[in-house]
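Note that these values count all heavy atoms, side chains included, but never hydrogens, waters or copies made by symmetry. All of these numbers come straight from a predicted model, not from anything done at the bench. Lettering follows sequence order; numbering is per chain, from 1.
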Protein chains: 2
Amino acid sequence: MIELQNVCRTFTVGDQQVAALRDIDLRLDAGEYISIMGPSGSGKSTMLNMLGLLDRPTTGTYLLDGGKVSDLNDEQQARVRREKVGFVFQSFHLVPRLTAAQNVELPMILAGIPAEERKARVQVLMKNYGLTDRADHKPDQLSGGQRQRVAIARATVMNPTVLLADEPTGNLDRNTGWEVLRLLEGLLEQGITLVVVTHDAEIGARAHRCIHMLDGRILSDESLQND
Amino acid sequence: MIELQNVCRTFTVGDQQVAALRDIDLRLDAGEYISIMGPSGSGKSTMLNMLGLLDRPTTGTYLLDGGKVSDLNDEQQARVRREKVGFVFQSFHLVPRLTAAQNVELPMILAGIPAEERKARVQVLMKNYGLTDRADHKPDQLSGGQRQRVAIARATVMNPTVLLADEPTGNLDRNTGWEVLRLLEGLLEQGITLVVVTHDAEIGARAHRCIHMLDGRILSDESLQND
Ligand SMILES: Nc1ncnc2c1ncn2[C@@H]1O[C@H](COP(=O)(O)OP(=O)(O)OP(=O)(O)O)[C@@H](O)[C@H]1O
Ligand SMILES: Nc1ncnc2c1ncn2[C@@H]1O[C@H](COP(=O)(O)OP(=O)(O)OP(=O)(O)O)[C@@H](O)[C@H]1O
Ligand SMILES: [Mg+2]
Ligand SMILES: [Mg+2]
């Protein structure tokens, strides 16, 4: 479904070159549950941005359902992203002047979904993520973990085919983190592909497949004995 | 040294009242090592902001070395904060158009410290926090964990008497997190008071005293059997 072939991503800072991804070969099939782990700075977020069509390879090929993503222009890439990808950013990227509920609603407004259905879907998600009492708070009126949950709810609201979560429990206590993870794992039954970047080994071990990164490379890519 | 007496903090959102801190009695002495834990939304960041003079109680008293902080005006409070408090924010708050090194240097520039000493101190901190190769990167050219480490380095650069760290390892892998924690704990030998908000029970257990919060209250406040 998603395939990276020989993908490299280099950033340029002044006269310094940073090889954030080096020679990545990776294939993700529909319905997989994958965790990505590795030291700070090893390339996990860059990898996720690549998978989510938020960034393009410097060299190498990205195949989506067999077709080269590089053949798509920026607008076409953006459309595939909107329709197929849910992304939870490591730093949330919520819209500051919208409330929690409005932030979750935004992708549906952009997709032309009617108001009644939007309100219903937002209400369910707010409840699932324990945010009902904070629905009308703006991001700067929320705790760190509440912002993180808004970001997660927003990423799932359009029922994406691929859900990419960059350290979704980093600001959550243990119990809240497990609740959130169970909600994300519940989406697997709908056939989504779930990719979770995490620093928490216990969370990483729940996936069906665990990828370890180091210095921009894939160090290991193993199947785990989970259902 | 720091004492909160009967402190309450209420936020108003529209016509809703949020009691973020309820009836807090807390005393911190010089040289203590304290962890604060509790569910998402329980008031930990609000507590830390209060201790760091970034916020004022709605009701109740804040005593600093026996004197009422409420007797200080905003400018005096800001000066005490600059001179005595190092703060690691849950969302980092780095200056976007400054490099990592310049972000760490900024408090020293504001304090009038000469350029040579600033450069020397920045170099040591960059090395300690594994950021030497990223010194000239701006925050948007850093990974999440690298930003977090810049925020931590900046908080320590003025040798504060009180260091308040809001989830300082939330974006760090296990090894990097322990390295950072050891650096912070190393400052205890210089007599600082260290307060760490954390969701990680292993990290919380390293403190000499652990405070658990729930719904804006202190649930428990216990000494731990550490040196
Ligand atoms: N500026 C604000 N306006 C309104 N409500 C606020 C504001 N800041 C915080 N709150 C609310 O106060 C409560 C405590 O927030 P706080 O940020 O202290 O929680 P926390 O324990 O740090 O949570 P987390 O672990 O998620 O970071 C939360 O329910 C939050 O929604
Ligand atoms: N826009 C950029 N410009 C320059 N360098 C960058 C940029 N984005 C990331 N980097 C560098 O690329 C490397 C990989 O970054 P990335 O954000 O993918 O790491 P990460 O594995 O997600 O780390 P963390 O666990 O700290 O979030 C890092 O060393 C970082 O400094
Ligand atoms: Mg990252
Ligand atoms: Mg907080």
Side-chain angles (χ1 to χ4, degrees), chain A residues 11-16 18 20 37-46 48 89-92 94 99-100 129-131 133-149 166-167 169-177 179-180 197-202 204 212-214 216, chain B residues 11-16 18 20 37-46 48 89-92 94 99-100 129-131 133-149 166-167 169-177 179-180 197-202 204 212-214 216:
Chain A
F11 294 106
T12 306
V13 180
D15 53 8
Q16 181 195 13
V18 179
M37 302 190 67
S40 173
S42 55
K44 307 179 296 296
S45 295
T46 307
L48 220 63
F89 296 92
Q90 190 169 3
S91 56
F92 317 154
L94 300 181
T99 65
Y129 287 94
L131 295 166
D133 299 342
R134 297 290 180 267
D136 302 330
H137 286 227
K138 298 209 172 65
D140 65 354
Q141 296 169 323
L142 294 173
S143 79
Q146 290 164 348
R147 286 175 205 158
Q148 186 154 42
R149 282 178 271 157
D166 202 341
E167 301 193 33
T169 64
N171 282 284
L172 301 176
D173 57 280
R174 196 178 166 76
N175 290 343
T176 313
E179 276 172 50
V180 159
V197 168
T198 182
H199 282 309
D200 189 323
E202 268 190 277
H212 278 273
M213 294 187 66
L214 183 64
Chain B
F11 294 106
T12 308
V13 179
D15 53 5
Q16 182 196 12
V18 179
M37 302 190 66
S40 174
S42 55
K44 306 179 297 298
S45 296
T46 307
L48 219 63
F89 295 92
Q90 191 168 2
S91 56
F92 317 153
L94 301 180
T99 65
Y129 287 93
L131 296 166
D133 300 341
R134 297 289 179 267
D136 302 330
H137 286 227
K138 297 208 173 66
D140 66 354
Q141 296 168 322
L142 294 173
S143 78
Q146 289 164 347
R147 288 175 204 158
Q148 187 155 41
R149 282 178 269 156
D166 202 342
E167 301 193 32
T169 65
N171 282 284
L172 302 176
D173 58 279
R174 196 179 165 75
N175 290 343
T176 313
E179 277 173 48
V180 159
V197 168
T198 182
H199 281 309
D200 189 323
E202 269 189 275
H212 279 273
M213 294 188 65
L214 183 64

Which bit of [X] comes within less than 4.5 Å of chain A, counting heavy atoms only: side chain, backbone, both or neither?
| X | answer |
| --- | --- |
| Ser143(B) | side chain |
| Gln146(B) | both |
| Ser45(B) | neither |

Inter-residue atom distance Gln90(B).CD - Asn171(A).CG, 0.5 Å rounding: 4.5 Å
Nearest heavy atoms of Glu167(B) and Gly170(A), plus distance in Å: OE1-O, 3.9 Å
Taking all heavy atoms of Val13(B) and all of Asp136(A), pick out the closest pair and write down the distance. CG1-O, 4.0 Å
For each of Thr176(B), Val18(B), Asp166(B), tally heavy-atom pairs with chain A at distances under 4.5 Å, and name the one with the top tally. Val18(B)
With a 4.5 Å cut-off on heavy-atom pairs, point out which of Lys138(B), Arg174(B), Met37(B), Gln16(B) contacts chain A the most. Gln16(B)
Which of these passes side chain to side chain contact (heavy atoms under 4.5 Å, CB included) with Ser40(B): Thr169(A), Asp173(A), Leu142(A)? Asp173(A)
Against chain B, work out which of Arg134(A), His137(A), Lys44(A) has the most heavy-atom pairs shorter than 4.5 Å and name it. His137(A)
Does any backbone or side-chain atom of Gln148(A) lie under 4.5 Å from a heavy atom of chain B? Answer side chain, backbone, both or neither. neither
